[in-house]
Engineer: 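Quick one: structure below, then a few questions.
In what follows, chains are A, B, ... by sequence order, proteins preceding strands, each numbered from 1. Every heavy atom of this structure was used, including side-chain atoms; hydrogens, water molecules and symmetry mates were not.
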Number of protein chains: 2
Amino acid sequence: MAKHDPDLSLLFHAMADGTRRAILAQLAEGPAAVTDLAEPTGLKLPTVMRHLSVLEEAGLIVSSKDGRIRTCAIRPEAMEPARAWIEEQRAVWAARLDRLDQFVMRMMEENAHDKAESGDKD
Amino acid sequence: MAKHDPDLSLLFHAMADGTRRAILAQLAEGPAAVTDLAEPTGLKLPTVMRHLSVLEEAGLIVSSKDGRIRTCAIRPEAMEPARAWIEEQRAVWAARLDRLDQFVMRMMEENAHDKAESGDKD
DNA sequence: ATCATGTTTAGCCATAATGCTAAGTATCAC
DNA sequence: GTGATACTTAGCATTATGGCTAAACATGAT
């Protein structure tokens, strides 16, 4: 339970941009070259390059160069920590609700006992 | 399939900060007042207030004021779109792998046929 | 060798994000 | 009312982000 998890911050930050999510979505369909990734965004190449390096530093993609073409590929397993963190919050919250539930149940039972002791004839 | 999904950007951006994730984790255990949320962070109140408003604008928390105390509570269902987006990327990627699989299978079959036609005697 | 193609680097600009302090407002306790 | 408590607002400094252009570099085609 690290208080500051830089990996998670990098991950979420990488996914927090619409352009980068579009790039990831495109790469989910298959590897692509930098130019092919840039075209649908309508942005200039250097700008796209920067997005790509953010994605790569977050571990969400890998890339390799063959000749003058750099091919990028998604690494879907890199999203797992993000998914897991979200899941854990849900789990903690659910556990708390369970405790609340049990608490309420106990209160209701005790209340029933009290009523029974003080006379159930009403 | 909106190209630019501002909600998702807000969500991921809100979760991209360690302090905010710590606050969410604390709130998963139960509602808390602003001061109680500020204390473990070591940050000043105005700074924490800002983090809280980022979380609230993303829909991740709600808050209400009773007297001079503002109580914040998590809204775990707000994380669902983020979880769903991650899940969809995985699904698209998995579907692509399936297609690749089938492609390879077909290639292998055709290759087998070719060999059979041109003579299967080794 | 020359030229087109596909990045890559460097540097600039505008805006947004994260922290702070100082001063304000509202409520509760006396 | 006075003072303490719990935010809230305003404003400022620093750094990060997201876009651009212009120029460099590397490779493939002629």
Side-chain angles (χ1 to χ4, degrees), chain A residues 2-27 30-73, chain B residues 2-27 30-73:
Chain A
K3 295 245 168 181
H4 279 327
D5 191 329
D7 285 359
L8 272 183
S9 294
L10 278 180
L11 257 186
F12 281 126
H13 172 248
M15 295 191 287
D17 181 279
T19 300
R20 286 194 289 265
R21 285 197 304 280
I23 289 175
L24 286 175
Q26 183 177 348
L27 287 178
V34 174
T35 305
D36 296 335
L37 290 170
E39 195 254 323
T41 66
L43 298 174
K44 297 299 181 185
L45 261 174
T47 306
V48 172
M49 287 289 294
R50 212 140 174 183
H51 284 302
L52 290 177
S53 63
V54 169
L55 289 171
E56 192 153 18
E57 275 168 36
L60 284 165
I61 69 173
V62 288
S63 72
S64 62
K65 207 164 173 180
D66 183 15
R68 57 188 159 169
I69 292 179
R70 175 171 301 280
T71 302
C72 302
Chain B
K3 294 243 170 183
H4 278 327
D5 191 330
D7 285 359
L8 272 183
S9 294
L10 278 179
L11 258 186
F12 281 126
H13 172 247
M15 295 190 287
D17 182 279
T19 300
R20 287 195 288 266
R21 284 197 306 279
I23 289 175
L24 286 176
Q26 184 176 347
L27 287 177
V34 175
T35 305
D36 296 335
L37 290 170
E39 196 254 322
T41 66
L43 299 174
K44 298 297 180 186
L45 259 177
T47 307
V48 173
M49 288 289 294
R50 211 138 178 186
H51 283 302
L52 290 177
S53 63
V54 168
L55 289 170
E56 193 154 17
E57 275 166 38
L60 285 165
I61 68 172
V62 288
S63 72
S64 62
K65 206 164 173 180
D66 183 16
R68 59 188 157 165
I69 292 179
R70 175 171 300 279
T71 301
C72 302

Engineer: For residues 50-59 of chain A, which residue pairs pass the side chain to side chain donor-acceptor pair (under 3.5 Å) check, not counting sequence neighbours?
Structural biologist: R20(A)-H51(A), E56(A)-S63(A)
Engineer: Could you tell me from which nucleotide to which nucleotide of DNA chain D, 5' to 3', there is an atom under 4.0 Å from chain A heavy atoms?
Structural biologist: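 First-to-last contact on DNA chain D, by the 4.0 Å heavy-atom rule, is dT17(D) to dG28(D).
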Engineer: Indicate whether OP1 or OP2 belonging to dT5(C) is found under 4.0 Å from a side-chain N or O atom of T35(A).
Structural biologist: no
Engineer: Drop me the distance from D36(A)'s CG to C72(A)'s SG, to the nearest 0.5 angstrom.
Structural biologist: 10.0 Å
Engineer: Can you find a heavy atom in the side chain of L55(B) that is under 4.5 Å from one in the side chain of L24(B)?
Structural biologist: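 They are in side-chain contact.
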Engineer: Kindly write out the residues that satisfy side chain to side chain donor-acceptor pair (under 3.5 Å) with H13(B), not counting sequence neighbours, or none if the list is empty.
Structural biologist: none
Engineer: Determine yes or no for a side-chain-to-main-chain donor-acceptor pair under 3.5 angstrom, with S9(B) supplying the side chain and A16(A) the backbone.
Structural biologist: yes
Engineer: How far apart are the closest heavy atoms of T19(B) and D17(B), and which atoms are they?
Structural biologist: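 Looking at all heavy atoms of both residues, the closest pair is N-OD1, 2.8 Å.
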Engineer: Working to the nearest 0.5 Å, report the span between CG of D5(B) and CZ of R21(A).
Structural biologist: 6.0 Å
Engineer: Any N or O donor-acceptor pair under 3.5 Å from the base of dT7(C) to the side chain of R68(A)?
Structural biologist: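 When only heavy-atom distances are counted, R68(A) does not reach the base of dT7(C) through any donor-acceptor pair under 3.5 Å.
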Engineer: Can you confirm whether T71(B) sits close enough to D66(B) that some side-chain heavy atom of one is under 4.5 Å from a side-chain heavy atom of the other?
Structural biologist: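 No, side chains not in contact.
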Engineer: Name the pairs: protein N/O against N/O of nucleotides 18-21 of chain C, kept only if under 3.5 Å.
Structural biologist:
unit_1  : atom_1 : unit_2 : atom_2 : d
dT18(C) : OP1    : R20(B) : NH2    : 3.2
dT18(C) : OP2    : R20(B) : NH1    : 3.1
dG19(C) : OP2    : H51(B) : NE2    : 2.2
dG19(C) : O6     : R50(B) : NH1    : 3.4
dC20(C) : OP2    : K44(B) : N      : 3.2
dC20(C) : OP2    : T47(B) : OG1    : 2.5

Engineer: Which pairs would a plain distance check flag for residues 40-47 of chain B, meaning a side-chain donor or acceptor within less than 3.5 Å of a matching protein atom at least two apart in sequence or in another chain?
Structural biologist:
unit_1 : atom_1 : unit_2 : atom_2 : d
T41(B) : OG1    : A38(B) : O      : 2.5
T41(B) : OG1    : L43(B) : N      : 3.0

Engineer: Enumerate the residues from residues 57-66 of chain A whose closest heavy atom to DNA chain C is under 4.0 Å, giving them by residue number; use none for an empty result.
Structural biologist: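 Result for residues 57-66 of chain A: K65(A), sorted by number.
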Engineer: For A25(A), enumerate each residue passing the side-chain contact (heavy atoms from CB on, under 4.5 Å) test, keeping only those at least two apart in sequence or located in another chain.
Structural biologist: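 For A25(A), the residues satisfying side-chain contact (heavy atoms from CB on, under 4.5 Å) (neighbours in sequence not counted) are Q89(B).
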